[in-house]
Amino acid sequence: MRKRLSLVLAATVALALLPAVPSEASTAPTNGAPVDLDALFVGAHPDDEAFSLSTLGQWNEDHRVRTGVVTVTRGEGGGNAVGPEEGPALGLLRESEERAAVGKAGVREVFNLDDVDFYYTVSAPLTDQIWGADTLEKVVRVVRQTRPEVILTMDPAPSPGNHGNHQQAARLAVQAFYAAADPKAFPEQITREGLRPFAPARLLLGGGRGTSQTGPSCASTFRPNNPAQNVYGVWGGRASQAQGRTWAAIERDAQRTYASQGWAVFPDVPSDPNQLGCDFFTQVDSRVPFPEPGSAAAAAPTAILDGALTRASGAVPLGTLFGLRTSTFDVRAGTPFTVKVSATAPSREPLGRSSVTLGVPAGWQVSGSGDLGRLSAGRSGTATFTVTPTAGTPTTGTPAAGTGRARVSATLATERGRGYTDRQVEISPPVRAGQQLLPQVAQYEKWTSEVGVPQLRGIVTPVLTLPSGGSRQVGVVVTNVSDAARSGTVRVDLPAGFTADRVEAPYSDLAAGASTTVPFTVTNSDPSLKTSNQGGDYAYTISVDGAVASKPALELVPATSVPQASPTVDGVAGDGEYPGPALDISRLWEGTACSSAADCSGTARLAWHDDTLYLLVQVQDDVLGTRLAAADCKRHWRTDSVEVTLDPRGASENTSTTFKAAVLPVTAGSDVAGSATTPDVAESATTPDVAGSATTGPPCFLRDADNRQGPGEQTAPGMRVASKVASGGYTVEMSIPLELVPGSVDPAHLGLNILVYDSDTQDKTGQTRIGWSTRGGVQGDPYRWGVASLAGYQPPADRPVPDPVIPDSALSSLDSPQSLEQAVRVHVPLAGGPPAKESESGWAVSAGPGQEGVKVTLRANAAGKAHLFVRDGQGTAGSRVVTVSRKGVTTVTVPLTRALAANAAVVAGWEAPGGGTAASQVKVR
């Protein structure tokens, strides 16, 4: 039987998070203590939790662990493979998919925060800007309301291809772990809403950087890249006793529920459990003891729960707090630092005579007493140690994973059992040196410092892009972490095919704690070297004062020179129209590899004239994907399409300052409503039946995930496209007025990419993505696009950079009947927001059949807005939004769209004038 542990900073009290209902409305149960959760997963979109459901299901079935999911957005910016819904309507669909999916793992609570899902980006700063500063407040409120002992989340680092929304959701979860326990954080939640600070026990990120075997030993055989990290695995090959199948198979069924995202076609997992792996989780922090790395308990399915929700054999009682803090994260040989270890006995159970023993790398010196005395119930003890690293101490990890990480641990011995905790430190030389960081990475590193999680820094290998055959300045940042001024030498040792203007450079009189940047000009002297993900990461060594300091990488991206010419946009490569070389756009960057060149491959040619860029893209494709109606010319990754991306100066941090256009070579034909296209904008040749359709409509084009999104005719006026489709492939030609690009183009450094999306099915799902400058997630990462030069082009001076247009339509939880029903059931207000004040609240009192629908009686303590849904076992049978202008009783009729089934009820959401919400529910009698 699972045991509860509540780590609160004050006495726990029952809280009415929704306004109390007067006695005459007793049929509307909107008051009560909020649901008490054991674990909480924080993600950005529906489906973000989908690869952890094997774990959550096992915990629920075996240990009655009740897990909730925080989903910051409803994924309105994603695709839709099952229908025409988009915006809030798609959000409603995706929420329904998520609730059905997580339900297969025994998860019932999904807390949507109503932030907007705008478009794919790899930028956490842009995500933070769009979501706004109140999102952290929402997450903290949900944590304080539901009191989970374990928080799980995603990867907060700008790892290549990592969605910026995922990064930001993870950062919010990390911050909430600390802020929820801090009474100074969002104090109005405490003073006005009656919440209490709450300290979750353990915090973990989904995934683990390292290697492992499949099968039941996947947890015990995991080897992290940074051995000082604590990574836990939960094997998916264990069978559910209730369902008689492996949890990996159940998880796959849950994933297929996300049909709108094209996941319904996911293949079966292997039937042999020995071929199934683990869900991995990397611990960030813990306030309680946890299994010692390498122990049997650390490889058990309960390893993440131990100390927080379950008690391993021989461990201290649940409710024991145990933590270790170091006076500094960066430690140096010969320089002492302080370690404080504290333990607190459970509030109702003594630990007796207690002591701690410190564990440090071999050769380090430790002084101090670990005696904690006798710990009676609720009593704390602290031991302080002085630790001195020794010179030449072996370090763990690699420069890419965090140079010199070491583990400092503490073991607690008591009369009631043992406990373990640890913390990472980084062993630093007196002077550090590293390649300058990309802005996103620099921002992330700053965030780890501000939040106080230095153990999360250094996750991303420092890289800088370099055009093939080109040059760039590379700054080496030198930091003096010693106590006195330093002078010395920085050296770069480049791989074959690269040269620098100098191999060594001095730094002088660098003050203690100060940094300086030493510049080197690096050139790719061998343009035949592979670029992009075909081998374009070239590691090199930076040394300072004769010692290796770091091993960053240069990423080669392809480059081209665009000739001047005057093509005709007709889908045909006329003589002399594109005199430059053809670009190979056949490199795979995501999805299933092309089975042959005939399956998917392509070339592209470019030219420019006056203020216009021309492109001709020829694609070999033996099976065309779904022909979308011209009215559905959006979310181009669902079918065959060509995307062209332009970064005017090759320096955009995210795509909001770029131009991205996609062309669908064919649409569903002129017989489809809305598919006709203005002749001077898009042209297409009639072609034979190449994909199961007798007709081929004209091409269509759009802008997506850039400075301004939408139909091409509206967002890219003056752009022209044409296509020719034949058996075995298609050609797309386009002209792009450079005035459409946000800001003046740098003719020596235009960021450029050409990407092909390939679909061989008729279900609005893509299988393969190929292109010119290729890496996972490259469509959202301008830094990794190729470089084009336009010799002779003179851009107009001071061409403006328009403010980006960012989608802002998100579904409100007030318009989600499932969210309203949950709010009534678990007594947690909507969208992570505050409850309506009692003086401003409104609720449904009664409901009954009427001549034109269902008559609903509302009682309000002030003016407000009621969102009403008539629900039965088949779903929603009618809805209405009513503005209530005054205090008192109001009766309204909700029209029905169909006859009611049994057990009908009305669920009501209330929008108070002060901004809070309430939810109520009454049966239709």
Side-chain angles (χ1 to χ4, degrees), residues 201-204 208 210 219-220 222-232 281-300 303-304 306-308 311-316 320-333 336-344 351 354-372 375 380-390 393-397 401-402 404-414 417-428 452-456:
R202 298 181 68 179
L203 170 65
L204 300 99
S220 61
F222 184 83
R223 297 294 178 264
N225 294 339
N226 170 13
Q229 280 185 331
N230 296 320
V231 180
Y232 303 96
F281 302 88
T282 300
Q283 184 163 282
V284 178
D285 207 346
S286 178
R287 295 181 168 104
V288 298
F290 51 87
E292 183 174 357
S295 67
I304 295 170
D306 282 349
R311 181 182 183 183
S313 176
V316 289
T320 301
L321 304 183
F322 189 41
L324 179 156
R325 292 293 183 269
T326 61
S327 58
T328 181
F329 179 73
D330 296 296
V331 303
R332 291 187 293 116
F337 65 96
T338 300
V339 177
K340 288 188 177 181
V341 183
S342 61
T344 302
L351 294 179
S354 304
S355 63
V356 295
T357 303
L358 207 63
V360 298
W364 288 23
Q365 298 175 1
V366 177
S367 62
S369 170
D371 184 22
L372 300 178
L375 298 183
S380 299
T382 300
T384 302
F385 301 89
T386 299
V387 178
T388 305
T390 55
T393 299
T395 61
T396 61
R405 292 290 172 90
R407 178 184 281 125
V408 176
S409 65
T411 301
L412 172 66
T414 78
R418 299 175 63 83
Y420 173 89
T421 191
D422 64 35
R423 188 157 293 270
Q424 294 182 53
V425 294
E426 183 160 323
I427 309 161
S428 296
V453 285
Q455 63 270 34
L456 291 180

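Given the structure is predicted, the values throughout are model-derived calculations rather than measurements.
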Next item on the list: Quick one: list whatever passes ring pair (Phe, Tyr, Trp, His ring centres under 6.0 Å) with F222, sequence neighbours left out.
Entry: F280
Item checked: Sequence-distant partners of A413, side chain to side chain contact (heavy atoms under 4.5 Å, CB included), two or more places apart -> S355, R418
Next item on the list: Check whether any side-chain heavy atom of P293 sits under 4.5 Å from a side-chain heavy atom of D422, and report yes or no.
Entry: yes
Item checked: Contact check, side chains of P389 and F337, non-hydrogen atoms, under 4.5 Å -> yes
Note to self: Going by side chain to side chain contact (heavy atoms under 4.5 Å, CB included), name the residues that satisfy it together with E292, two or more places apart in sequence or in a different chain.
What the structure shows: S295, Y420
Notebook entry, point to check: From R311 CZ over to D306 CG, what is the distance, rounded to the nearest 0.5 angstrom?
Noted result: 11.0 Å
Notebook entry, point to check: In Å and rounded to the nearest 0.5 Å, what is the CG to CD1 distance from L203 to I304?
Noted result: 11.0 Å
Next item on the list: May I ask you to test the W364-L358 pair for a side-chain heavy-atom distance under 4.5 Å?
Entry: no
Notebook entry, point to check: If you measure from CZ on R407 to CD on Q455, what distance do you get to the nearest 0.5 Å?
Noted result: 12.5 Å
Notebook entry, point to check: How long is the span from the CD atom in Q229 to the CD atom in Q424, to the nearest 0.5 Å?
Noted result: 5.5 Å
Item checked: Row check, F281 ring normal vs R202 NZ/CZ: under 6.0 Å, within 45° -> no
Item checked: Beyond-backbone contact of L412 with P289, side-chain heavy atoms, under 4.5 angstrom -> no
Margin query: Within this structure, what is the CG-OG1 distance for the pair L375 and T344, rounded to the nearest 0.5 Å?
Written below: 8.0 Å
Next item on the list: Starting at OG1 of T282, measure out to CG of N230 and round the result to the nearest 0.5 Å.
Entry: 9.0 Å
Check: Side-chain contact, heavy-atom cut-off 4.5 Å: V288 with L321?
Finding: yes
